[in-house]
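Just so it is clear: chains get the letters A, B, ... in the order the sequence lines come, proteins before strands, and each one is counted from 1. Keep in mind that what you see is a predicted model, and the values were worked out from it rather than measured.
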2 protein chains.
Amino acid sequence: MDEPQSRQACGLTACDHDERARGRLLRAAADVFDRKGYAAASVREIVEQAGITKPVLYYHFGSKEGMLVAILEEGARLFEQAVARALTCPGSVRQRVAALCEEVYSLFRDNVPAVRVAHALFFGPREGLPAFDFTKFERVLRPAITRLVEEGMATGELREAHPEDVSMAINGVIAGCTDQELNPCGTPVGIDGIHRVLDLIFDGLSATHNEKEN
Amino acid sequence: MDEPQSRQACGLTACDHDERARGRLLRAAADVFDRKGYAAASVREIVEQAGITKPVLYYHFGSKEGMLVAILEEGARLFEQAVARALTCPGSVRQRVAALCEEVYSLFRDNVPAVRVAHALFFGPREGLPAFDFTKFERVLRPAITRLVEEGMATGELREAHPEDVSMAINGVIAGCTDQELNPCGTPVGIDGIHRVLDLIFDGLSATHNEKEN
DNA sequence: GTCTATATTATGATAGAC
DNA sequence: GTCTATCATAATATAGAC
């Protein structure tokens, strides 16, 4: 979460200074929102940590809520990019599912503060929250998984089953690894761990394959 | 989350009245904490919803934090019971894993408000939170899964693999289904859904079993 | 664009009567 | 055990000078 996208114009005067204040503010806000939670975070602590004063925050973002929205929008942008990257990857469905999990896992791992903020808001209480479309993440990841699953079934690479169930199983790997990473008493999984778990659910946990088709 | 365990003594006077106030308070607090989040929840709203006044809350629980701890302790108690029930279940490892997922899923489904509160606190920011051992849930579920996995490998029912990876795969099913249930834009999974997903990961997602042992 | 100083409201908690 | 009335503090946000 650094200085993101475009800012309108940027005239002759102290643009660097401006951008630096904005950037420091964004990083400080992500950190404080992560540590204290959005509701419990105070603008006082944010501006103190950023080394500026309150009116600067209100000048750039309009409100405490505006700061949060800026952080979330940047996160959603990175998430979309990561998923898109995985989908254009060549190889079997199994390989592309692995790539998808890898991309998402890496993104999460490299942006733990912002991800924790987003995760907490997504699964946490909705009331009194900013006007941000929190379904965005779900609406990006789910169709990506579904698309891979349907393709895998069409080519015969995947077993015949309810596509939603297969998606759920794959989503479970991502959810499990993510939880493990975000939860403070969990040991990190690592890319290797993700691959081993994926291999397991693709090949099956059982030693003998007593498959009962539904 | 109703009136829980014991209260000291309970003398001659208005015990019913007392217990009713306590119970209403607990339910109201769980609801408000769920809807607004712990930090953003105000004692004013809690007491209004419970139909009593502030001093009653402070008389029974000492503080806003005391209310939260009471809710969490009740939740941890129910969670331990559910896991213990599943472990004493007869049958194959596969059947007992299913029973475990079923128990946890049902408990979550029947106590959505309290579970959302606990989930939000567990994965959310730790600072400024009550003195409650949030690792409890993890410390109960993980060993239970691990025990079943190790037993399954000893008897040859499960494939030879890193036990942590198998645990992670199973945990992923629970995490995925839970997320689906808690997340507002997710469609419920249902007990049947859980069983189908478990069957999938036990038998494998792949149509052809090109197993490469690690 | 950034500051000092302040307005306004809501919070968690309590005194003290009954 | 439950109330009314209130305290002390900290919150978000803004005026207005520079």
Polar-atom pairs under 3.5 Å, protein N or O versus N or O of nucleotides 5-11 of chain D: list them with distances, or write none.
{"from": "D:dA11", "atom 1": "OP2", "to": "A:Arg44", "atom 2": "NE", "distance (Å)": "3.2"}

Not counting sequence neighbours, which residues clear side chain to side chain donor-acceptor pair (under 3.5 Å) with A:Asp34? List them please.
-> A:Arg116
Check side chain to side chain donor-acceptor pair (under 3.5 Å) between B:Lys136 and all other residues, then give those that pass, not counting sequence neighbours.
-> none
d([atom1], [X]; [atom2], [N]) in whole Å:
X: A:Arg20; N: C:dT2; atom1: CZ; atom2: C1'; value: 14 Å
X: A:Ile52; N: C:dT4; atom1: CD1; atom2: C1'; value: 14 Å
X: A:Leu25; N: C:dT2; atom1: CG; atom2: C1'; value: 12 Å
X: B:Phe61; N: D:dT2; atom1: CZ; atom2: P; value: 11 Å
X: A:Glu65; N: D:dT12; atom1: CD; atom2: P; value: 13 Å
X: A:Leu68; N: D:dT12; atom1: CG; atom2: C1'; value: 15 Å
X: A:Arg22; N: C:dG1; atom1: CZ; atom2: C1'; value: 14 Å
X: B:Tyr59; N: D:dG1; atom1: OH; atom2: P; value: 4 Å

How are the rings of B:Tyr38 and B:Phe33 set to each other: parallel, tilted or perpendicular (split at 30° and 60°)?
-> perpendicular
Parallel, tilted or perpendicular: rings of A:Phe122 and A:Phe137 (30°, 60°) | perpendicular
Starting from the 5' end of DNA chain D, give me the residue, B:Gly51 or A:Tyr38, whose nearest nucleotide shows up first.
-> B:Gly51
Sequence neighbours left out, cut at 3.5 Å: what donor-acceptor pairs do the side chains of residues 97-106 of chain B make with other protein atoms?
{"from": "B:Glu102", "atom 1": "OE1", "to": "B:His195", "atom 2": "NE2", "distance (Å)": "2.9"}
{"from": "B:Glu103", "atom 1": "OE1", "to": "B:Arg85", "atom 2": "NE", "distance (Å)": "3.2"}
{"from": "B:Glu103", "atom 1": "OE1", "to": "B:Arg85", "atom 2": "NH2", "distance (Å)": "3.1"}
{"from": "B:Glu103", "atom 1": "OE2", "to": "B:Arg85", "atom 2": "NE", "distance (Å)": "3.0"}
{"from": "B:Tyr105", "atom 1": "OH", "to": "B:Glu181", "atom 2": "OE1", "distance (Å)": "2.8"}
{"from": "B:Tyr105", "atom 1": "OH", "to": "B:Glu181", "atom 2": "OE2", "distance (Å)": "3.4"}
{"from": "B:Tyr105", "atom 1": "OH", "to": "B:Gly190", "atom 2": "N", "distance (Å)": "2.7"}
{"from": "B:Ser106", "atom 1": "OG", "to": "B:Glu102", "atom 2": "O", "distance (Å)": "2.8"}

Residue pairs passing the side-chain hydrogen bond (donor to acceptor under 3.5 Å, both in side chains) test where at least one lies in residues 117-129 of chain B, sequence neighbours excluded = A:Arg35-B:Glu127
Under the side-chain hydrogen bond (donor to acceptor under 3.5 Å, both in side chains) rule, what pairs show up with a residue in residues 139-149 of chain A, not counting sequence neighbours?
-> A:Asp133-A:Arg139, A:Thr135-A:Arg139, A:Arg142-B:Gln180
Closest to the B:Ser63 side chain, choosing from D:dA13, C:dA13, C:dT2 = C:dA13
Is any side-chain N or O of A:Tyr58 closer than 4.0 Å to OP1 or OP2 of D:dT14?
-> no
For B:Thr53 and D:dC3, is the shortest distance between a side-chain N/O and OP1 or OP2 below 4.0 Å?
-> yes
